[in-house]
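Small disclaimer: the values here were computed from a predicted structure and weren't measured. Within every chain, numbering begins at 1; the chains are lettered A, B, ... in the order of the sequence lines, protein sequences first and strands thereafter.
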Protein chains: 2
Amino acid sequence: MKNPNRLFKNAIYEQFARIGKAVSSPKRLELLDLLCQGPRTVEVLSKESGLTIANASQHLQVLRATRLVEAEKEGLFVVYRLADQTVCDFFRTMRVLAENRLAEVEQIKRRFLEGREGMEAVDRKALLELVRKEAVTVLDVRPVEEYKAGHIPGAISIPLKELQLRLSDLPRDREIVAYCRGPYCVLSIQAVEMLRAKGFKAVRIEEGIQDFRAMGFPIAVNEEV
Amino acid sequence: MKNPNRLFKNAIYEQFARIGKAVSSPKRLELLDLLCQGPRTVEVLSKESGLTIANASQHLQVLRATRLVEAEKEGLFVVYRLADQTVCDFFRTMRVLAENRLAEVEQIKRRFLEGREGMEAVDRKALLELVRKEAVTVLDVRPVEEYKAGHIPGAISIPLKELQLRLSDLPRDREIVAYCRGPYCVLSIQAVEMLRAKGFKAVRIEEGIQDFRAMGFPIAVNEEV
DNA sequence: CAAGTATTCAATATATTAGTTGATTAATTG
DNA sequence: CAATTAATCAACTAATATATTGAATACTTG
């Protein structure tokens, strides 16, 4: 076909498809999701996503070729970061679309939470309001660097790994609301399980920091608690 | 790896990737874009996208398996439509991301418009304001069915194919603003070329009906002009 | 109910992608 | 400047995706 209109359309949709191809692999989506939390080295990304280093590197290069992420060599490490906040927003849009259109997502989540009673965040709206008003103790269980990069104002930072040792930093009389990276991050689930086992009043909130940001919550940066 | 957290994440990201895979093929994106304009039969879609019927059917089935589109048999025809307005919004988000991140999109557009002077919509904001106020003659050059499905209030419907025969319906003293399906639809380009050749004062606006909708323009439905 | 039409299915060839392994490059440090 | 470490590259296999063709199915109409 030599029609110039057709050639034009082919060329344009091919470009759009580059974005689609970049986000058509589960592993690349997981990498993108991680990068939404902040910059990371290849090594860290590979560990967190369960990929070999070489494989993670290759996936990251695919993302880079689509200009969704950028890489910079810092000493011995190469640090990858999102090219743009809109990339994170796009990922979230895609996630929401998948949640709305694919019943399987809800199923998988339900099956995973089976037997972990009360892990589904109930009365979400009211809870979010309490969080916003700082009327509950908000607990950020992500690694400290992520907390520093952005967190809910007033939230206490206790990474899941340190939680066992720092239980005395938490109130026994007040409700604790734990959050982590988002609905499919399991850190807050494990935190709440542990806290409840130790007699705390704890609930989990599904939203991650990017969700709070998107909902217009104020986000605090860098101050350590 | 038997870790249940890993299995959960794998399962979740695999679902997200289904959406990505669905939009990783240029042809499927073109089909989606067409379906954003309204429901279509397989035959029409295949013709408009330059695919063979069988191939179009297969692509549509992929989109259907991801629940992005729905199909319904109507008599001898199968009519496909978007499952949801949010699918169109998602496509637009993706398009904007591609435009922002991939310089190639702008390049391709520029190359295509080379030699067709004045086809780039200038002073867009002011022009859009005139369109909103109905202070110019707005011309919708898409097929009538699409016009009926939704158009700018006050716009005149003259499909490109009939334009030559219906020039007398258009004012010679007033500026004509033509629009079609969106920035990568060439109908309005061809319309403006023809109108200018015939001595009309015509300009093109890149936005398509979905873009107008997203910008909060009122959209008129079904009334024929 | 036979003929015609629209769509889907099945089989195939070709091209693309994902993951693995081992070698290579680039920066750092003793 | 040799050893170490992080990341990438290159080569390969296995798995998937795309487009084409011709046959099969499903609905309509005379």
With sequence neighbours left out, what residues match A:K9 under salt bridge (Lys or Arg N to Asp or Glu O under 4.0 Å)? none
Residues in salt bridge (Lys or Arg N to Asp or Glu O under 4.0 Å) contact with B:K109, at least two apart in sequence or another chain: B:E206
Could you list the residues that satisfy side-chain contact (heavy atoms from CB on, under 4.5 Å) with B:L76, not counting sequence neighbours? none
For A:S57, is there any backbone N or O sitting under 3.5 Å from a side-chain donor or acceptor partner on A:Q61? yes
Among residues at least two apart in sequence or on other chains, which ones pass side-chain contact (heavy atoms from CB on, under 4.5 Å) with B:A11? A:I108
Can you tell me how far C1' of D:dA24 sits from CD1 of B:I53, to the nearest Å? 16 Å
Here the distance between atom C1' of D:dT5 and atom NZ of A:K47, to the nearest Å, is 13 Å
Those residues at least two apart in sequence (or on a different chain) that pass side-chain contact (heavy atoms from CB on, under 4.5 Å) with B:E99 are B:R95, B:V96, B:V105, B:P183, B:Y184
Any side-chain N or O of A:S57 below 4.0 angstrom from OP1/OP2 of D:dA7? no
Side-chain N,O (A:Y80) to OP1/OP2 (D:dT8) below 4.0 Å: yes
With sequence neighbours left out, the residues meeting side-chain contact (heavy atoms from CB on, under 4.5 Å) with A:S46 are A:I53, A:A56
Quick one, give me the B/S/- string for nucleotides 11-22 of chain D, reading 5' to 3', where B means a protein heavy atom under 4.0 Å from the base and S means that only happens at the primed atoms, P, OP1 or OP2. ------SSBBB-
Among residues two or more places apart or on two chains, list those pairs meeting ring-ring contact (aromatic ring centres under 6.0 Å, His included) that have a residue in residues 23-67 of chain B. none
Please list, in numerical order, the residues of residues 63-77 of chain A that have a heavy atom closer than 4.0 Å to any atom of DNA chain C. A:K73, A:G75, A:L76
Please give, in whole Å, the distance from D:dA6 P to A:E43 CD? 5 Å
Where along residues 30-42 of chain B does a heavy atom come under 4.0 Å from DNA chain C, residue by residue in number order? B:T41, B:V42
For A:Q210, which residues count as a side-chain hydrogen bond (donor to acceptor under 3.5 Å, both in side chains) partner, sequence neighbours excluded? A:Q85, A:R213
So, applying side chain to side chain contact (heavy atoms under 4.5 Å, CB included) with A:T66, which one of A:V87, A:I19, A:V23 is it? A:I19
Pairs where residues 10-22 of chain A contributes a residue and the test salt bridge (Lys or Arg N to Asp or Glu O under 4.0 Å) is met, not counting sequence neighbours: A:R18-B:E104
